[in-house]
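Shown next, in structure tokens, is the structure this report addresses.
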Amino acid sequence: MDRGTERGMPAGHMAAAGVPAGDVAAGRVPLAVVVVDRDGLVSHWSTGARRLFGTGKQEAIGRPAVDLLPVSGALPDEDDEEAPYGSWGGDDGLGPGLESSLDGRLSYPAAGRARLTVPGQDRLDVLWWAYPLVGPGRERLLVLAADADALRRADHDDPLQAAAFERIAPAFALHTDFPGAEDLARRLPDILPSMSVGESARIVAQVLELGYPVLEFSQNDRVPVTPDWGVPRRAERRARRERAALAAAQGLPVPEEAADDEGEDLEYAAVRERLEFLNEVSGRIGTSLDLARTIVEVSRAVVPRFTDVAGTYLREQVVAGEGFPEGVPDTTTMWHRVALEHTDEPGRWDDVVPVGEAMPFPAHTPFFQCMTSGEPVLVPRISTELGHAIASQFEKRDIRPLITHRSMLVVPLKARNVVLGFMILLRHPERAEFNDMDRVTGAELAARAGLVLDNARMYTYQESVAETLQDSMLPHIPARMAGCDIATRYLPGTLLGRVGGDWFDSVKLPGARTALVVGDVMGHGLNSAAMMGQLRTAVQTMAALDLPPAQLLRNLDDLAQRLGDTYLATCLYAVYDPIAGELSLANAGHIPPVLVRADGRSELLELPTGAPIGVGGVPFEAVGVRVRPGDRLVMCTDGLVEVRGEDIGVGLATLCESAAHPAASMDDACDTIIRALNTRGGRKDDVALLMARLNGIEPDDVAEWRLARDPAEVGRARAAVREQLHTWGLARLADPAELMVSELVTNAVRHSHGRPVELRLVRGDTLLCEVDDDDHELPTLLSAGPGDESGRGLRVVSTLAREWGTSRTAGGKTVWFELTLPRR
């Protein structure tokens, strides 16, 4: 094995290539893999590390890395011309290079070699590598170490080992004169399976152009691709410098190799500076998933250190949160200027190129070339002609003074091979022009920024989708129902995203009654939301059948079991009868409701709890509660009252207390409850809250008649309705109401089977008229022709009524209509 290969084989690549992380081949050579976090503590300690250093994983995790990794070894003997770079000194230890990496002083990869005395083993010849890790995570450093003798024996003795090394080694000894760039580009996807061929070609091209390898990380493995820096051995470089000094002292020409060393040192320093800059920028961007904040972070990260002006443009779909843009941009693609940072005097750019402006870019511009090719475009100096061409697209604004004679670099913001936007970077004329190394640095910066922006974009898009889904599933409940006022609140989970399984609802029932529902599907996410939608629809359907509360929950439980046993749900179902002044409630594993009396007293209603929906085989029981006008019913999900680490009784007590607090309106009363319970901290679940003020309906506002199965009763019904409406002062409604009552009573008398027909008028926010009979077949709206003798009754009702409908009851059906009360 040659020296370059020997110094460059980290375990992460062996694992990515299909070789176990702790071995070069199964069970042969133990490799130590250690990860150090930003506090200098060990966060990962492999089996190979235990074998090599003699410390177990449980003892190592969380301890300072400097206490576990021997770093006290001496530097190589500078006077030993034959000592290889990174060789060990007389003391045990991995050397000061590792020590500098551990304490964060080195921001670039380091490698070395040492002799260690391990308890219970002979002195070992150890190779080590240290790679700074870049990114938003806690990990700061990856340290790899291996028994050099074991690696050497495996290379010579095992053909399988040799084949593995042959695949891996080229990735760690790249120099500008490397001949197999195309071959390496083909091999990288084998070394790192998650890497695309296009990505590997980009990395190789970048390495060869810079002249030194740069750090890259695969999408999943976070393993460096090219850790070897190609730095000559220190002893060799010292010897060349000494020969140059001797030649100068003797008046002889300085050897060319010494000058090369100087240039090499400068180039190495430049690359190191660029990498430190990229590492710094990576730490400053992507601190949140907020798209607007991320955009500002990306722009501010490069000004003024890398550029003097940075303008960020994003595609219209990205800004609008409409998902991932498709297709290659063209001259019609709209680009939004979303950020602009500069070092010029304040306000100089604001009026000419304001943030928020959207525009397309013509084909002849560098911007169009960048966004269609997906590659950086470098313009060393913007000429007068190019400045004029760029400025031509800005109507009534002359941007030429801002851009002419400046150096420009346009870099694409890409994710998944799609251009999301681009950055325009400009330097002042007196500053050094952008060069090829700047172009590579800018491309790397844009690649990292593109991924961060895409993460923020995806989060924003998913939040938008989730919010739309949730809002579409939550009903828009009217503020007033027959005999009651209703207010609701929904709060998304603070940590678990917008989508949840909590819901509330209200359903209009025959007899001026109202069904009030609150439910909670256990779990979170789209599946829970979908289950919630199914259950809510089922409750709506069964409530329209006027099923008693206990029977409705029984049927809902049966339905949930047929849908599958994956989800459970709790549900509280209440029916309010404003005429009788009564609540009928049934509970399926839900927290109890609070009843606030008109005099300010509040109480938790004691209900048979029942089992959650989906358990099956458990009976449900309904309870009747007498209520008075002015009482309030408060129903909510457990996310409002339950906090991790706190007894739920505390939350229920707070709910009772806050619900009883006087409030000017229903909305204020809901807000008081939310403030009292949502500020305790620790809430992660979503919350559904429904409050109903039970106003009741006075007996004087209700009129009822029983009609026999006699066609003559139709005339009696018309007369009774007209008289009652005159009594209520609603004479203006008498004609349409009398006509519609005549049609409904005629149908009821014709189709009833013996039980008397019941006619009811209720005066509330509207005029409600209901006709009940014992026929279970619901009438339908028909199209009646000129010669038809029937089919026009419901057509008349549909035309004249504000709202109308039909529903089945236990004894038959109810047909009803509403009329809007005249303004007084």
Side-chain angles (χ1 to χ4, degrees), residues 477-478 480-486 505-517 539-553 573-586 622-629 631 633 692-707 717 720-721 724-725 728 730 737 740-741 744-745 747-749 751-752 755-779 797 801-819 821:
I477 295 178
R480 301 183 69 87
M481 301 285 281
C484 65
D485 299 330
I486 299 175
D505 211 342
S506 67
V507 185
K508 182 184 295 186
L509 300 178
R513 296 170 301 146
T514 300
L516 304 170
V517 192
V539 170
Q540 285 263 6
T541 302
M542 288 187 282
L545 298 176
D546 201 16
L547 296 180
Q551 184 60 47
L552 184 143
L553 293 183
Y573 184 81
V575 174
Y576 173 52
D577 187 337
I579 298 174
E582 185 176 30
L583 277 172
S584 180
L585 307 101
V623 172
V625 179
R626 299 291 301 179
V627 293
R628 296 179 178 276
D631 291 351
L633 180 68
R693 182 165 57 204
L694 312 177
N695 300 319
I697 296 177
E698 295 294 332
D700 291 343
D701 291 325
V702 181
E704 296 180 285
W705 300 271
R706 293 172 67 87
L707 307 172
V721 167
Q724 185 63 56
L725 292 181
W728 283 342
L730 301 176
M740 288 187 284
V741 165
L744 297 186
V745 171
N747 287 338
V749 169
H751 297 289
S752 65
R755 198 187 72 182
V757 174
E758 296 183 2
L759 170 64
R760 181 187 301 110
L761 288 181
V762 179
R763 180 179 61 174
D765 295 325
T766 63
L767 177 66
L768 172 66
C769 176
E770 295 180 329
V771 176
D772 296 348
D773 62 60
D774 60 359
D775 180 30
H776 289 277
E777 185 175 351
L778 299 181
V797 174
R802 172 181 180 267
E803 189 177 354
W804 74 280
T806 64
S807 59
R808 286 191 172 89
T809 63
K813 70 175 183 293
T814 296
V815 184
W816 57 271
F817 66 82
E818 288 183 356
L819 290 173
L821 297 181

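Computed over heavy atoms, backbone and side chain alike; hydrogens, waters and symmetry mates excluded.
The side-chain heavy atoms of Glu803 and Trp816, taken from C-beta on, include a pair separated by under 4.5 Å. Under the 4.5 Å side-chain criterion, counting only non-hydrogen atoms from C-beta, Asn695 is not in contact with Pro629. Proximity of Tyr576 to Met481: side-chain heavy atoms (C-beta onward) are nowhere separated by under 4.5 Å. Counting heavy atoms from C-beta on, the side chains of Val762 and Glu770 never come closer than 4.5 Å. Here the side chains of Leu759 and Val741 are in contact, with some heavy-atom distance below 4.5 Å. Considering only heavy atoms from C-beta on, Asp775 stays 4.5 Å or farther from Asn747 through its side chain. With contacts defined as side-chain heavy-atom distances shorter than 4.5 Å, the pair Leu725/Leu767 qualifies. With a 4.5 Å cut-off on side-chain heavy atoms, His751 and Asp773 do not count as touching.
With sequence neighbours excluded, the residues that form a salt bridge (Lys or Arg N to Asp or Glu O under 4.0 Å) with Glu704 are Arg760.
Between the CD1 atom of Ile486 and the CD1 atom of Ile477 there is a distance of 6.0 Å, given to the nearest 0.5 Å. Remark: Asp701 CG to Leu768 CG distance equals 12.0 Å, nearest 0.5 Å. Asp631 contributes atom CG, which lies 8.5 Å from atom CG of Leu583 (distance to the nearest 0.5 angstrom).
Asp772 and Thr814 are linked by a side-chain donor-acceptor pair at a separation below 3.5 angstrom, with hydrogens and angles left out of the test.
Nearest heavy-atom pair across Leu744 and Phe817 is CD1-CD2, 3.6 Å. The shortest non-hydrogen separation linking Val721 to Ala737 is CG1-CB, 4.2 Å. The two residues Leu761 and Cys769 have their closest heavy-atom pair at CD2-CB, 3.6 Å. Across all non-hydrogen atoms, the minimal contact from Ala801 to Leu819 is CA-CD2, 4.1 Å.
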*asked:* For a side chain to side chain contact (heavy atoms under 4.5 Å, CB included) check, start with the C-alpha distance between Gln540 and Asp505, then their side-chain angles and the critical distance, and finish with the verdict.
replied: CA-CA 8 Å; Gln540 285 263 6; Asp505 211 342; 2.7 Å; yes
_Between Val797 and Val815, is the side chain to side chain contact (heavy atoms under 4.5 Å, CB included) condition met? List the steps._
CA-CA 10 Å; Val797 174; Val815 184; over 6 Å; no
*Audit row: Tyr573, Met542, side chain to side chain contact (heavy atoms under 4.5 Å, CB included) steps and yes/no*: CA-CA 12 Å; Tyr573 184 81; Met542 288 187 282; over 6 Å; no
_Intermediate values then yes/no, side chain to side chain contact (heavy atoms under 4.5 Å, CB included), Leu707 and Val749_ = CA-CA 8 Å; Leu707 307 172; Val749 169; 5.5 Å; no
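The one candidate from Lys813, Arg513, Arg808 that meets the side-chain hydrogen bond (donor to acceptor under 3.5 Å, both in side chains) condition with Asp546 is Arg513.
The main-chain N or O of Asp700 is found under 3.5 Å from a side-chain atom of Trp728 such that the two form a donor-acceptor pair. The main-chain N or O of Ala580 is found under 3.5 Å from a side-chain atom of Arg626 such that the two form a donor-acceptor pair.
In Arg628, the CZ atom is not crowded: 12 or fewer heavy atoms of neighbouring residues, nucleotides or ligands sit closer than 6.0 Å.
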